[in-house]
Amino acid sequence: MVLSKTYIKRRSLVDFFGLIVSGCLLLLFTICDFNLWFILAAAILILMWSLWSISNPLLAYGVIIFVWVNLFQRASIFIMPLEGYANRGSLYLGNIMLTVFLVSNFVKYLKSHKTVRIIKPSINTTIFLFPYLLFSILLPLLGILSGQWPLSYATTAIRNMQWILITVVAYLLCNKYSSSAVIRMTFKVLLFSCFMEVSYSVLQMVYVYVFPAQYPYLDKVFMETHPYDWLTFGRATGLTVNPNSLGLQGLVFMSLFFSSLLSGNYVNAWLRVFLGLASVWLIVSSGSRTAILTLFALLSFVAFIDLIKRQKLSLLRRIGLVATILTSGAITWALVSNMSDLLETRLYSAFVIPFQGFLSDPSFGMRVETWQAAFAYLYEHPFGSLVPPSYALQRAVDSYWVNVIVQGSAIYLLMFILFIAAVITLGVRSINNIEPMTRCAGYFLVLVVLVALVGGISMATFQDSIVIILLYEFIGITIYNESKTIRR
């Protein structure tokens, strides 16, 4: 018993040290410039972090999730400009942590001489995942080999390789700790992320109201150290530095809120209330009209799922839930509108535009012009741009659907649709599981995908770091659960 207590205390101290190192890395990549001292400090901290990630892979992966969900753009160091779209040439802590995590644990595996038993999942489903993932890697490489694009665009293929690696990591962590442990850790990270985003977005709105034309310190540092930023005075961006990404975050947190309700998974009532109200605050304070309209689509999805699954939510409880969300949204609307004239205008237009016509909005009109330019490019290049259209056109293409079809023509779009169908199938199978935690993961995967599909009409949702890390992690988790079911 004494040895057990000593081990637990030592384990806690090691994990505390690892979290301190993680915090130092976040601070270093958030506020520092690229110089010799930065390189030296980063090298030492990354070495220590890699050693800690070997001792507790699950917690270290939780840190990676936190960075990808909240700080992927902010925790980056701009080194030198490269061809292509905004801030190319930056070094991202999220990418470094994931790479170091993979290399460190792979080396540990090789030295241990242990074998990892992997059970093959249902081929009928998973086979439809691979064409889209494979072509996401091959298309940019083909563009480079054809001489059409510079060698630096190969980073887009490397980035897409991470998608598969995230799925593999999630699968192996489930194999080591159990899927319930990985899901529980991820949901805890999301709850903590929600708290951090709300806290920082409130600070930003206070600055708008109390200190006009001034930005919080971290925002000022990002603007000074990066050639391009999405920070908009009057709209909350949270830690993500992009107001549209904050709106997408709010939708993801709302998906978690509904997943816990639909699955029957036990969650503390006060935590659930906080998650729901905080999600509404993030969506409204971001001023993202796409996120606001997608929220109504999400409510429709949840009502439909609840209807066909015949859950125990009574009619009165459903009405109360919707009324609470709408009321909290109205209160948040009134509050932030009083703080920011820009938010007041944007939030009002979110409900007026559908009636006046989307083309009446200048922002949407600019999106349509970009889409027309993208399709004009596709007409001249029938096989597509091969690299992401944002690189080919040197400007943002704010629609993932347009991105897919312009990059690889209708063939690539078909692969994407098959990929989405396979992912939703995996989620639905988890929903039918008897374990509440597994059901919650299934609902969460399905709702996040549906949110990304609807929001992807006018946002590049599937290229956002929060969707990437959670989508591919839960693909790995659901594949593992399906494999475990087959093995039984």
Side-chain angles (χ1 to χ4, degrees), residues 121-139 156 159-168 170-171 248 251-252 254-256 258-259 262 290-291 293-295 297-298 300-302 304-305 308-309 371 374 384 388-389 397-432 439-482:
S122 172
I123 296 178
N124 293 336
T125 302
T126 55
I127 195 172
F128 293 108
L129 298 172
F130 292 107
Y132 169 71
L133 295 174
L134 182 62
F135 270 75
S136 296
I137 297 170
L138 291 180
L139 286 178
T156 61
R159 185 176 63 229
N160 295 347
M161 290 179 190
Q162 290 179 322
W163 302 352
I164 300 174
L165 293 175
I166 291 169
T167 299
V168 172
Y171 184 98
L248 182 58
L251 290 169
V252 169
M254 186 63 79
S255 298
L256 178 58
F258 282 125
S259 300
L262 293 171
T290 299
L293 296 176
T294 304
L295 175 60
L298 177 60
S300 302
F301 290 144
V302 171
F304 176 73
I305 292 172
I308 62 173
K309 294 300 292 183
W371 299 345
V397 180
D398 290 318
S399 170
Y400 194 74
W401 292 97
V402 176
N403 267 280
V404 170
I405 194 169
V406 173
Q407 183 176 355
S409 72
I411 298 174
Y412 192 43
L413 178 62
L414 176 61
M415 294 177 183
F416 176 66
I417 292 172
L418 291 175
F419 170 81
I420 291 299
V423 172
I424 292 177
T425 301
L426 288 170
V428 170
R429 288 178 179 171
S430 292
I431 289 172
N432 295 326
R439 287 203 306 272
C440 189
Y443 279 116
F444 183 66
L445 177 60
V446 170
L447 292 180
V448 167
V449 169
L450 293 176
V451 161
L453 288 174
V454 175
I457 296 173
S458 58
M459 288 171 56
T461 48
F462 286 91
Q463 293 175 344
D464 197 288
S465 59
I466 185 173
V467 173
I468 291 172
I469 189 73
L470 295 176
L471 171 63
Y472 292 98
E473 177 195 349
F474 277 85
I475 288 175
I477 292 171
T478 52
I479 288 176
Y480 172 82
N481 285 330
E482 187 172 287

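Hydrogens, waters and symmetry mates play no part in the numbers below; they use all other heavy atoms, side chains included. Nothing fancy with the numbering, it's 1 onward along the sequence.
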4.5 Å side-chain heavy-atom contact, N403 and F462: no
Heavy-atom check, side chain of L248 versus side chain of V451, under 4.5 Å: yes
Gap separating the CG atom of L470 from the CD1 atom of I475, nearest 0.5 angstrom: 11.0 Å
Polar side-chain atom of S430 near backbone of G442 as donor-acceptor pair, under 3.5 Å: no
Non-hydrogen atoms of Y472 and T167 that approach each other most closely: O-OG1, 2.9 Å
Nearest atoms (heavy-atom pairs only) where L251 meets A291: CD2-O, 3.6 Å
Side chains of I137 and L133 in contact at under 4.5 Å (non-hydrogen atoms): no
Residue pair E473 / A170: nearest heavy atoms and the distance that separates them: O-CB, 3.3 Å
Non-hydrogen atoms of S259 and C440 that approach each other most closely: CB-O, 3.7 Å
Sequence-distant partners of S136, side chain to side chain contact (heavy atoms under 4.5 Å, CB included), two or more places apart: Y132, N160, W163, Y412
Contact check, side chains of R429 and T478, non-hydrogen atoms, under 4.5 Å: no
Gap between atom CZ of F474 and atom CG of L445 - 0.5 Å precision: 7.5 Å
Verdict with reasoning, F301 to V454, per side chain to side chain contact (heavy atoms under 4.5 Å, CB included): CA-CA 11 Å; F301 290 144; V454 175; 3.8 Å; yes
Side-chain donor or acceptor of S399 paired with backbone N/O of A460 under 3.5 Å: no
Greater than 12 external heavy atoms within 6.0 Å of I411's CD1: no
Separation between CG of N481 and CG of L426, rounded to the nearest 0.5 Å: 10.0 Å
Check: S255 and L298 side chains under 4.5 Å, non-hydrogen atoms: yes
Ring centers of F416, Y400 separated by less than 6.0 Å: yes
Atom pair CD1 (I305) and CD1 (I431), whose distance is rounded to the nearest 0.5 Å: 6.0 Å
L414 side, atom CG; I405 side, atom CD1 - distance, nearest 0.5 Å: 11.0 Å
Interatomic spacing from CG in D398 to OG1 in T290 - rounded to 0.5 Å: 8.5 Å
V423 vs V446 side-chain heavy atoms within contact, under 4.5 Å: no
Under 3.5 Å: donor-acceptor pair, side chain of W401, backbone of L453: yes
Minimum-distance pair of heavy atoms, taken over all atoms of R159 and P388: NH2-CG, 4.4 Å
Atom CZ of F135: over 12 foreign heavy atoms under 6.0 Å: no
Nearest heavy atoms of G455 and T461, plus distance in Å: C-CG2, 3.6 Å
Student check: side-chain heavy atoms of F444 and V252 closer than 4.5 Å: yes
